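It should be emphasised that the depicted structure is a prediction, and the values quoted were computed from it without experimental measurement. Each ligand, and each atom within it, is numbered from 1 in the order the structure gives.
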Amino acid sequence: VSAAITCLGLTPGDVVLFPSYHCGIELDVLLAHDLSVRFYEVDSNLRVNIESLAPLVDEKVRAVYLIHYFGVPGPAAETAAFCKARGLALLEDCAQALYSRDDVAPIGHRGSIAIYSMRKTLGIPCGGAIVVNDDSYRLPRIVRKPPLVRTLKKTIRLLLLSVGAASLGRRNPSLMPHRLITAPGNRNEDGLGTLATNQRVPPSIRFDQSWRSVSISAVSKWLFRHTRHVNIAQHRRANYAFLLRTVRGIPSVRPLIPDLPAGSCPLLFPLLLEGSRSEFLRFCRARGLEADPHWPHVHPAFRASEFPAAAYLKSHVVALPVHQDLTDGDLAHMSSVLSDWVNTAQGTAEIRDTPSWPCATEAIE
Ligand SMILES: Cc1ncc(COP(=O)(O)O)c(C=O)c1O
């Protein structure tokens with residue numbers, strides 16, 4: 001994200017239109033560059049009404065930031081047309097959408113620039129990519145090596161997780177595949193995450209300036225080059241479809257994305273939980289299924305009370321793994337945990353349709 005901002009030539013004081021539903025770390029990067037943000041609405045079905053961006057535009061606005069959630073293509077064509085008509089840059093955030101395609105090409109071809117995160121989908125220690133689609137922008141030269149100790153720590157941690165998983169022989173979908181798709185260090189001590197409501201940026205969404213304009217590490221580059229990229233999207237889609245079938249008939253949960261568009265490569269399987277997310281997370285984890293609250297942190301620069309749909313998503317979405325390396329045994333285990341959940345009191349509670357606020361005050365831990 002940082003390199004993309006440099007590439008677009010955004011300077012302090014420039015305004016970026018930014019989606020109400022976001023992780024927080026991308027927002028922190030923008031703010032670390034002294035950019036200002038104006039939030040636009042993303043509804044509880046992850047839809048954006050592009051026309052609602054129009055009143056936000058004035059002469060200070062330089063760019064629109066669009067996130068392709070969970071690997072599903074967002075409204076890139078419409079946003080690109082909107083930006084073109086107003087002379088704005090479009091930054092497509094494909095961090096969750098590596099290997100995804102829309103009906104024309106791999107995702108990220110509409111914006112002035114697109115960013116990708118290889119580490120999320122592949123579980124390599126670090127690494128992202130930028131694609132520049134507009135000739136008027138030049139890629140910044142990224143020559144600084146990543147901090148050696150941090151890289152080593154991440155690599156060793158990932159190695160230990162995968163070796164530990166294999167040697168324990170646990171049939172546990174939370175092992176290597178899922179661990180690897182959540183960023184090391186993106187979890188707090190108990191691993192469940194908290195909804196931060198104070199004025200400090202929670203550590204997990206604080207941009208670490210030592211990673212500013214840093215290249216991919218040699219080990220990650222090597223791992224990326226030696227990855228078999230074919231079929232990853234297909235495996236993830238198949239795992240996603242399996243989970244869709246599994247959760248059908250569980251009244252207390254609802255898939256946030258019930259129809260995966262053709263060509264998309266899901267990063268995770270997002271589920272909406274009514275009322276009892278923390279119970280569900282504990283239930284899953286106690287049974288070795290590492291479900292995660294998705295983007296639970298509220299960045300202090302974001303007033304969640306003004307965007308009930310985003311607040312609802314932050315406090316209700318749970319992400320399940322769909323990693324390409326999940327085995328049939330892993331999937332069967334996930335299925336049995338979810339089936340057991342139906343037999344609990346909370347598991348039978350019917351999910352409501354209306355997003356409610358204030359729900360983000362639910363403290364997970
Ligand atoms: C939507 C979004 N964009 C960008 C990023 C940054 O990705 P990375 O940490 O791989 O640089 C994240 C990280 O969580 C994210 O969720």
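- Centroid-to-centroid, the aromatic rings of His68 and Tyr116 stay 6.0 Å apart or farther.
- Neither Ile107 nor Val104 shares a network with the other; the hydrophobic side chains, linked directly or stepwise wherever heavy atoms of I, L, V, M, F, W or Y lie under 4.5 Å apart, form separate groups for each.
- Ion pairing of Arg285 with Asp292 is present here, as a side-chain N (NZ or NE/NH1/NH2) and a carboxylate O approach within less than 4.0 Å.
- Ser100 places a side-chain N or O within 3.5 Å of a backbone atom of Cys265 that can act as its donor or acceptor partner.
- Close approach to Trp295 involves these atoms of ligand 1, each under 4.0 Å from a residue heavy atom: 1 (C), 16 (O).
- For ligand 1, the atoms sitting less than 4.0 Å from at least one non-hydrogen atom of Ile25 are 12 (C), 13 (C), 14 (O), numbered in the order shown with element in parentheses.
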Taking distance alone, no hydrogens or angles, what donor-acceptor pairs closer than 3.5 Å link side-chain atoms of residues 18-31 to residues at least two apart or in another chain?
residue, atom, partner, partner atom, Å
Ser20, OG, Tyr40, O, 3.4
Ser20, OG, Val42, N, 2.8
His22, ND1, Pro19, O, 2.8
His22, ND1, Ser20, O, 3.1
Glu26, OE1, Gly24, N, 2.7
Glu26, OE2, Cys23, N, 2.7
Asp28, OD1, His299, NE2, 2.7
Asp28, OD2, Phe207, N, 2.6

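- Within the 4.0 Å heavy-atom criterion, the part of Lys120 lying near ligand 1 is the side chain and not the backbone.
- By the 4.0 Å heavy-atom criterion, Tyr69 is excluded from the residues contacting ligand 1.
- Grouping Ile, Leu, Val, Met, Phe, Trp and Tyr residues whose side-chain heavy atoms lie under 4.5 Å apart, directly or via other members, places Leu152 in a hydrophobic cluster with Leu148.
- Between Ser117 and ligand 1, at least one pair of N/O atoms sits closer than 3.5 Å.
- Close contacts between ligand 1 and Arg119 involve ligand atoms 8 (P), 9 (O), 10 (O) [criterion: under 4.0 Å to a heavy atom].
- Ligand 1 does not have Gln96 within reach: every non-hydrogen atom of the residue lies 4.0 Å or more from it.
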